Amino acid sequence: MTTVSEPISTETETRFPEIAEAPRWTCSLGGAYLTATGIYGTVPILHSGAGCGIAQLLGFHYAAGNNAAGGQGGTSTPCSCLIEKHVIFGGEEKLSKLIESTLELMKGDLFVVISGCVPALIGDDVSAVIKPFKEKADIVFVDTAGFKGNTFDGYEDLLVSIADQLLEPLPKKNKKVNILGIVPFQHVFWKGDLNAVKDLLALIGVDANILFTQFDGVKKLKEVPEAELNIVLSTWNGHKTAEKLKEKFDQDYIVFPSTPYGPKQTIEFLRTVAKKLKIPKAKVEKVIAEESRRAYRWTEYLTDSVIIGRPHPYSAFVGDTNTIISTVKYLANEIGWLPEIVQITDEPPEEAREWIRKELTEGIESTIKPDIIFERDAWKIRENMRNRSFQILLATSLEKYPAQKEFEVDHLSIAFPMYDRLIVERTYAGFRGGNVLMEDISSKYSGPL
C-alpha cells in the first residue's frame, strides 16, 4: 500500500475547508485549564466568559474517559464571567476582585490566571493585575486566547509561563528527570501512563518527576529545575517546554515518538535513557530480563484468544499521534497485526509529520504498511475507511457506531474523545501494558456468547 498524507478521495465539494465536524481537541484556554486541573494543589482562575470553564467539563473532562474535573475544576473553578460591559470598559477590576476573593476562600499552593479571548481582544493587562497578589501567594498568568491555538498549545503555554514566572534555578540532582509531552485529559490514559513511566524508570534507579497526579504537585513543579534531563514522549508535544527549560536552566532533553507500549518499545526506551544518564548496563539488562520474562510468560495466557479469535487481522486506527504510534507499533511488531489505515487526528505540525510517517512505516515489522492520513473531520475520517478490508477498528467513541452499523467490525475506543469507557488508572504503557491492551481488545470478541 502507498503511504499518503491526504484523504484518499472525496466526491463531496468542500465549500468551507476551515470548518471540521467534531474536531478532537479544544482551544488553548481549555488546554491550559485542563493542564492546571491535572496539577494537585493548583487553583485555576479563568478570566473569560462564563461558558469557557463549564464547556471544558462537559466537552472535555467527560470526553476523556468520563473523568470528573477534580476539586478545583468544573463548577468549582473561579471565573470572572465577562459580559458585554466588560468588552467596553475592560475586565481588570473584576479580575482583581475575583483573585482577592479566591485567595480568601480557596485553598491552594499555586493560583493560575488563565486569560481567554475577550481579555486578549480588549487588551486587559493581566500581568499588572496579578502583581499586587504575588506577595500573598504563588500566582502566575497565562495568555491563552482560544483563537491562538488548541489543547496542545495551551499545555505548552501554561508550562512555559510557569517556567518563566515561578521556577528558579536549583542544583542539579543526578539521575533525576522530568517527563513531558503527555497532555492531561487530551491523552486519555495520561494518569496511568505517567505513573507507569515513573515506575519503569525507578527500576533502573531514575527519579522521574511526572508533574501531574502527585499530591505534592506544586512542590514537584518547583523541583523541575533540579532534573539533569528532560524526557519528551512525543514527536511534537512538549518540545516548546523542553526548549524553554534548556534555555533557562541548561537542561538537556531527549525525545521519544510516544509512550512505550509493550516489551520491545519499553526495552528501547530504558536502554536509551540509561545510556544518556550513564547507568551501568548490567543493572539495566537485569531489569529488562526479569520484566520481559514476566510479560511474555503472561502473554501466553491470551494467545488462544489472539490466534483463534483474530489471527493477524487487517486493522484500522484513528486517534492522536502519541496513542496511535504506541498502539500500532505494539500490535504490528509483537502481536502480528496488519495495519491497513491510520488516521492521525491532532493536526501535528508539518515538521513532525515525516517522523510520524517513518515510525508508522519503517518502525513496524509488518510487510503491510498502512495508508497514513492526517485528518480532523469526523465525516471525512469515516469516508476514508470505506471499501477496505479491516476487521477491527481501534479509534474513539465517535467511531463506535459507524464501526458496528456501517463497517460491521469490532471496535475499541483508545483515544479522545472516549465517552464509552471510564478511564482512571488504566494504562497500556510499559512491559505489562501490552497485555492489558490485548485484554481490552480480546474482550470485544472472545468467548462463545
Side-chain angles (χ1 to χ4, degrees), residues 1-8 24-25 152 156 179-183 186-187 189 193 197 230-243 252-273 275-276 312 314-376 381 384-385 388 390 393-395 414-415 428-430 433-434 437:
M1 291 186 176
T2 304
T3 301
V4 296
S5 59
E6 297 297 333
I8 296 167
R24 290 119 197 275
W25 23 256
F152 307 99
E156 298 269 34
I179 305 298
L180 304 171
I182 297 177
V183 182
Q186 179 72 63
H187 295 130
F189 299 96
D193 284 2
V197 169
N230 292 317
I231 298 175
V232 184
L233 299 177
S234 172
T235 54
W236 61 287
N237 301 320
H239 292 216
K240 183 179 176 181
T241 304
E243 283 291 336
D252 196 7
Y253 67 93
I254 54 175
V255 181
F256 295 87
S258 58
T259 305
Y261 283 11
K264 287 187 176 181
Q265 294 176 52
T266 303
I267 290 169
E268 180 182 2
F269 171 72
L270 290 179
R271 284 174 175 165
T272 303
V273 172
K275 183 178 180 181
K276 187 72 175 178
H312 308 294
Y314 281 91
S315 45
F317 302 85
V318 179
D320 62 87
T321 305
N322 286 21
T323 302
I324 295 304
I325 288 177
S326 301
T327 305
V328 172
K329 289 178 69 174
Y330 171 74
L331 292 172
N333 296 347
E334 303 224 38
I335 306 298
W337 280 30
L338 305 174
E340 183 178 3
I341 178 173
V342 170
Q343 299 192 71
I344 304 294
T345 61
D346 52 2
E347 291 199 317
E350 287 295 331
E351 58 267 25
R353 296 190 180 192
E354 190 55 39
W355 186 12
I356 295 168
R357 293 187 188 98
K358 186 175 180 180
E359 288 294 325
L360 294 171
T361 52
E362 297 177 26
I364 63 174
E365 299 166 16
S366 167
T367 55
I368 302 297
K369 307 299 181 183
D371 288 335
I372 301 170
I373 300 171
F374 297 94
E375 183 54 70
R376 62 177 182 167
I381 286 170
N384 291 332
M385 291 189 287
R388 294 181 179 271
F390 61 89
L393 172 60
L394 270 58
I414 60 167
Y428 302 143
L437 174 59

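Quick caveat, the model's predicted, so the values are computed rather than measured.
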Would you call Y314 and I368 a side-chain contact if the rule is heavy atoms closer than 4.5 Å? yes
Sub-3.5 Å donor-acceptor pair from the side chain of H239 to the main-chain atoms of S234, do we have one? yes
Using modelled atom types and a 3.5 Å cut-off, is there a donor and acceptor pairing between side-chain atoms of Q265 and backbone atoms of Y261? yes
Please list, chain by chain and in numerical order, all residues satisfying ring-ring contact (aromatic ring centres under 6.0 Å, His included) with F256, sequence neighbours excluded. F269
If you measure from CZ on F317 to OG1 on T327, what distance do you get to the nearest 0.5 Å? 7.0 Å
Run the ring-ring contact (aromatic ring centres under 6.0 Å, His included) test against F189 and tell me which residues pass, sequence neighbours left out. Y428
Where N333 and S366 come nearest, the two heavy atoms and their spacing: OD1-N, 4.5 Å
side-chain contact (heavy atoms from CB on, under 4.5 Å) with T321: which residues, sequence neighbours excluded? T235, W236, I325, I344, D346, P348, I356
Between I324 and T345, is any pair of side-chain heavy atoms under 4.5 Å apart? no
Yes or no on side chain to side chain contact (heavy atoms under 4.5 Å, CB included) for V318 and R24, after CA distance, side-chain angles and deciding distance? CA-CA 11 Å; V318 179; R24 290 119 197 275; 3.8 Å; yes
My understanding is that only residues two or more places apart in sequence, or in another chain, count here; which of them pass side-chain contact (heavy atoms from CB on, under 4.5 Å) with E243? Y253
With a 4.5 Å limit on heavy-atom distance, are the side chains of S315 and E340 in contact? no
Between P339 and I364, is there a side-chain heavy-atom distance shorter than 4.5 Å? yes
Is a side-chain donor or acceptor of E359 paired with a backbone partner of P257 at a separation under 3.5 angstrom? no
What is the minimum heavy-atom distance between I231 and V273, and which atoms define it? CD1-CG2, 3.9 Å
Closest heavy-atom contact between I414 and L394? CD1-CB, 3.8 Å
Between H312 and W337 (side chain of the first, backbone of the second, donor and acceptor by atom type, cut-off under 3.5 Å), is there such a pair? no
For K358, what residues pass the side-chain contact (heavy atoms from CB on, under 4.5 Å) criterion, not counting sequence neighbours? E362
Rounded at 0.5 Å granularity, tell me how far CG in L360 sits from NZ in K329. 8.5 Å
Where the side chain of S326 meets the backbone of T259, is there a donor-acceptor pair that is under 3.5 Å apart? yes
Name all residues meeting the side-chain hydrogen bond (donor to acceptor under 3.5 Å, both in side chains) criterion together with K276; count only those two or more places apart in sequence or in a different chain, and write none if there are none. D252
Atom pair CD (E347) and CZ (F374), whose distance is rounded to the nearest 0.5 Å: 11.0 Å
Is the backbone N or O of E268 less than 3.5 Å from a side-chain atom of T272, with the two atoms forming a donor-acceptor pair by type? yes
Is the side chain of N322 donor-acceptor paired with the backbone N or O of L233 at a distance under 3.5 Å, no angle test? yes
If the threshold is 4.0 Å, N to carboxylate O, is there a salt bridge linking E365 and K264? yes
CA sep, side-chain torsions, deciding dist, call: T266, Y330, side chain to side chain contact (heavy atoms under 4.5 Å, CB included): CA-CA 10 Å; T266 303; Y330 171 74; over 6 Å; no
I'd like to know if the side chain of E156 and the backbone of G238 have a donor-acceptor N/O pair within less than 3.5 Å. yes
How many angstroms lie between atom OG1 of T367 and atom CG of L338, to the nearest 0.5 angstrom? 6.5 Å
OG on S258 to CG on D193, rounded to 0.5 Å: 9.5 Å
Go through it in stages, so that I can follow the logic: the residues are Q343 and N384, the test is side-chain hydrogen bond (donor to acceptor under 3.5 Å, both in side chains), and I'd like the CA-CA distance, side-chain angles, deciding distance and then a yes or no. CA-CA 9 Å; Q343 299 192 71; N384 291 332; 3.0 Å; yes
